[in-house]
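Since the structure comes first, as structure tokens, the remarks are kept for the end.
Below, chains carry the letters A, B, ... as their sequence lines are ordered, and counting in each starts from 1. Everything quoted here is computed from the prediction, not taken from an experiment.
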Amino acid sequence: MARALIGWVLVRHSAAGTTSGRIVETEAYPVGDPASHAFRGETARNRVMFGQPFHAYVYRIYGRYWCFNVTSEPRGVGAGVLVRALEPLEGIDLMRKRRGVEPVRLLCSGPARLAQALDIDRSLDGRDLLADPEIELLPPRQATGPIGSSRRIGLTAAAHRLLRFYERGSPYVSGPRRLSR
DNA sequence: AAGAAGATTCGCT
DNA sequence: GCGAATCTTCTTA
């Protein structure tokens, strides 16, 4: 599913306006993965991961940022996909205002950056991404380019597995340019 | 009740 | 490349 989500469009409707972007980078956190928040069972934080698929799992990281995930398994099974980067589509000036930076390439190229650009926080945790009025996930509108995979970023546990997926050559992928090749 | 670690980003060297 | 920022969550005592 992490691979399949490349090219889908994440749309955020808020009072300030609409922002959206094409998903160009994801990471999978499957069942049995020691790096997954769901690995040690259900808790107050990760409870959404054990609910229905295609719902938003939003958590705080390092005390200052938010990360957005798409749940991926049926009720009772804890797993999800971290959305790591978007190619900005709508609301670019609003994203600039929220992020405090100008270059389009820096607006959504990282999990916490895209959450800030789309004003995603804990209030969206648990939302149905196929039916919610404020945040929605739409199928690809255009052809998706070739997809690459690599080890995941920033992890200590199970870092060797090829569970990161990205659109090859996209300038909107997180990290240094080599990560998009 | 206290402490350590964390799916990151940014600024400075 | 390195360290700080900053706080929630989970683990251990």
message = Between C1' on dT6(C) and CD1 on Ile61(A), what's the gap in Å once rounded to a whole number?
response = 11 Å
query = Relative to the 5' end of DNA chain C, which residue comes earlier, Arg122(A) or Tyr62(A), by the nucleotide with the nearest heavy atom?
reply = Tyr62(A)
message = Do Leu137(A) and Trp66(A) sit in one hydrophobic cluster, given that two such residues count as connected whenever their side-chain heavy atoms are within less than 4.5 Å of each other, even indirectly?
response = yes
request  = Find the distance Arg152(A):CZ to dT8(B):C1' and express it as a whole number of Å.
outcome  = 16 Å
ask   = Between the side chain of Asn46(A) and the main-chain N/O of Thr43(A), is any donor-acceptor distance below 3.5 Å?
value = yes
task = Starting from P on dT8(B), measure out to CD on Glu25(A) and report it in whole angstrom.
result = 10 Å
task = Let me know the distance between NE2 of His37(A) and C1' of dT8(C), rounded to the nearest Å.
result = 11 Å
ask   = Which ranges of DNA chain B pair up as stems, where a stem means three or more consecutive Watson-Crick or G-U pairs with both distances under 3.5 Å?
value = B:1-6 with C:7-12, B:8-12 with C:1-5
P gap between dA2(B) and dT6(C), integer Å = 23 Å
inquiry  = Taking any heavy-atom pair under 4.0 Å as a contact, classify Arg45(A): base, sugar-phosphate, or nothing.
reply    = sugar-phosphate
message = Pick the closest DNA chain C nucleotide for Arg40(A) and for Arg64(A) by heavy atoms, then say which residue is nearer the 5' end.
response = Arg64(A)
Any donor-acceptor N/O pair, Arg75(A) side chain to Phe50(A) backbone, under 3.5 Å = no
ask   = So, Ser14(A) and Arg98(A): side-chain donor and acceptor under 3.5 Å apart, yes or no?
value = yes
inquiry  = Glu136(A) vs Arg127(A), test: salt bridge (Lys or Arg N to Asp or Glu O under 4.0 Å). Steps then yes/no.
reply    = CA-CA 9 Å; Glu136(A) 56 182 342; Arg127(A) 299 293 182 92; over 6 Å; no
request  = Write down the distance between CG (Asn69(A)) and P (dT8(B)), rounded to a whole number of angstrom.
outcome  = 11 Å
key: Interface residues of residues 96-113 of chain A with DNA chain B (non-hydrogen, below 4.0 angstrom)   = Arg99(A), Gly110(A), Pro111(A), Ala112(A), Arg113(A)
message = Counting only side-chain nitrogens and oxygens, does Arg151(A) get under 4.0 Å of the OP1 or OP2 atom of dA7(B)?
response = no
request  = Give Asn46(A) one of three labels, base, sugar-phosphate or nothing, depending on what nucleic acid heavy atoms sit under 4.0 Å from its own.
outcome  = nothing
query = Which other residues end up in the same hydrophobic cluster as Val31(A), if Ile, Leu, Val, Met, Phe, Trp and Tyr are linked when side-chain heavy atoms come under 4.5 Å apart?
reply = Val77(A)
key: Distance, rounded to the nearest Å, where Arg47(A) contributes CZ and dC10(C) contributes C1'   = 17 Å
ask   = In whole Å, what separates the P atom of dG1(C) from that of dA7(B)?
value = 22 Å
message = dT8(B), OP1 or OP2 - any side-chain N/O from Arg60(A) closer than 4.0 Å?
response = no
key: Salt-bridge criterion met for Asp33(A) and Arg152(A) (N-O under 4.0 Å)   = yes
message = Does any part of the side chain of Val173(A), heavy atoms only, come nearer than 4.5 Å to the side chain of Arg168(A), both counted from C-beta?
response = no
query = Under 5.5 Å between ring centres and under 30° between planes: does that hold for Tyr29(A) against the base of dA7(B)?
reply = yes
query = Just one of Ile23(A), Val104(A), Leu86(A) clears the side-chain contact (heavy atoms from CB on, under 4.5 Å) bar with Tyr172(A), so which one?
reply = Val104(A)
request  = Report yes if the distance between the aromatic ring centroids of Tyr29(A) and His37(A) is under 6.0 Å, otherwise no.
outcome  = no
key: Value in whole Å for how far the P atom of dC7(C) lies from CH2 of Trp66(A)   = 11 Å
